[in-house]
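Residue numbers run from 1 in the order of the sequence given. Every heavy atom of this structure was used, including side-chain atoms; hydrogens, water molecules and symmetry mates were not.
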Amino acid sequence: MIAALYDHNPNPKNTQLARAIRRLERDVLRMGALVEQSFRLSHQALFARDLTAVDELPRLEQKIDRFYRQIELDCTAIMTLQTPTAQDLRFLSAFMQLVRDLERIGDYAEDLAHIAIKIFPYPPHQSLPEVENMSHHAQAMLATSLKALADLDEVGGRGLKQLDDAVDNAYDRVYQTLAQQRDVPGVVEPILLLGLAIRSLERMADHATNIGQRVAYIVTGQLL
């Protein structure tokens with residue numbers, strides 16, 4: 001953890017700054033836990049057809065947005081009012097990018113919940129099991145990215161790029177299935193909604209991959 005990294009230095013240059021960065025790390029991980037919860041609820045609404053799960057999302061979104069704004073403000077204040085080292089600046093710049101990725105995943109979770117409401121009246125589409133697998137995989141990627149952050153695991157962070165390929169491949173398969181459907185009985189709305197769902201899931205996986213890359217940057221100082 002970031003805290004452990006600072007603890008290895010018995011005489012940190014600025015203990016107040018070190019404590020501030022530790023607090024930021026905790027806040028980022030708390031925000032991440034809220035985003036994970038939001039993602040789980042949207043999954044439940046869409047694939048278990050449990051629309052009661054949607055009711056909790058606005059409250060979670062408000063909390064996520066508050067963390068997002070506060071973390072950005074705290075990072076900016078530290079950069080401008082204190083004297084961060086190059087290592088500190090890596091943490092702070094990565095945190096500011098990380099929370100943008102987390103906030104976007106939360107937004108996409110809300111989009112999935114809205115899709116769940118609109119698609120509810122229709123019978124389940126044949127591609128729904130593969131879309132559900134995409135969601136499971138994207139959720140696992142988010143969890144992996146947050147664990148990489150908590151552990152400062154560069155290898156785990158970089159490894160998310162390979163995990164993202166599975167989501168991209170599933171997206172391509174489902175997209176082709178939806179695009180090539182012929183003689184669709186009734187309205188095409190459920191097909192369009194599934195198209196939006198797989199796009200949201202593909203973007204969520206991309207943002208989880210970004211988080212992994214930010215972790216690698218924190219550890220190495222090198223951009224991928």
### Query
Below 4.0 angstrom, N of the basic side chain to O of the carboxylate: do Lys118 and Glu189 qualify?
no
### Task
Mind running side chain to side chain contact (heavy atoms under 4.5 Å, CB included) on Met79 and Leu89 for me, showing each step along the way?
CA-CA 7 Å; Met79 287 178 175; Leu89 287 172; 4.1 Å; yes
### Query
Got a sec, which residues hit salt bridge (charged side-chain N to carboxylate O under 4.0 Å, His left out) with Glu61, two or more places apart in sequence or on another chain?
none
What pairs of donor and acceptor atoms, side-chain ones from residues 190-202 against any protein atom, are under 3.5 angstrom apart with sequence neighbours left out?
from: Arg199; atom 1: NH1; to: Glu202; atom 2: OE1; distance (Å): 2.6
from: Ser200; atom 1: OG; to: Leu196; atom 2: O; distance (Å): 3.2

### Task
Inspect the contact between Asp101 and Arg104 and indicate whether a charged nitrogen and a carboxylate oxygen are less than 4.0 angstrom apart.
no
### Message
Once ring-ring contact (aromatic ring centres under 6.0 Å, His included) is applied, do any residues pair with Phe67, and if so which ones, sequence neighbours excluded?
### Response
none
### Query
Would Leu142 and Leu102 satisfy side chain to side chain contact (heavy atoms under 4.5 Å, CB included), going step by step from the backbone distance to the final call?
CA-CA 9 Å; Leu142 174 58; Leu102 287 171; 4.0 Å; yes
### Query
Taking only residues at least two apart or on different chains, which pairs with a member in residues 119-170 satisfy ring-ring contact (aromatic ring centres under 6.0 Å, His included)?
His43-His136
### Summary
Closest heavy-atom pair, Ile78 versus Pro84, reported as atoms and distance to 0.1 Å, is O-CD, 3.9 Å
### Message
Can you confirm whether Arg173 sits close enough to Asn169 that some side-chain heavy atom of one is under 4.5 Å from a side-chain heavy atom of the other?
### Response
yes
### Atom of Ala148, atom of Gly157 and distance for their closest heavy-atom approach
CB-N, 3.8 Å
### Message
Applying salt bridge (charged side-chain N to carboxylate O under 4.0 Å, His left out), can you list everything that pairs with Arg23, at least two apart in sequence or on another chain?
### Response
none
### Message
Under the criterion side chain to side chain contact (heavy atoms under 4.5 Å, CB included), I'd like the reasoning laid out for Leu149 against Ile218: C-alpha separation, chi angles, the key distance, then a yes or no.
### Response
CA-CA 9 Å; Leu149 174 62; Ile218 289 173; 4.2 Å; yes
### Task
I would like to know whether Asp55 and Thr52 meet side chain to side chain donor-acceptor pair (under 3.5 Å); could you show each step before the answer?
CA-CA 6 Å; Asp55 297 338; Thr52 62; 5.8 Å; no
### Query
Of all residues at least two apart in sequence or in a different chain, which pass the salt bridge (charged side-chain N to carboxylate O under 4.0 Å, His left out) check with Asp111?
none
### Task
Could you please spell out the steps behind the side chain to side chain contact (heavy atoms under 4.5 Å, CB included) verdict for Gln70 and Asp74?
CA-CA 6 Å; Gln70 190 59 54; Asp74 290 344; 2.8 Å; yes
### Message
Assess, by modelled atom type and distance only, whether the side chains of Asp206 and Thr209 contain a donor and an acceptor separated by less than 3.5 Å.
### Response
no
### Task
Would you mind reporting whether Met31 and Arg66 have side-chain heavy atoms less than 4.5 Å apart?
no
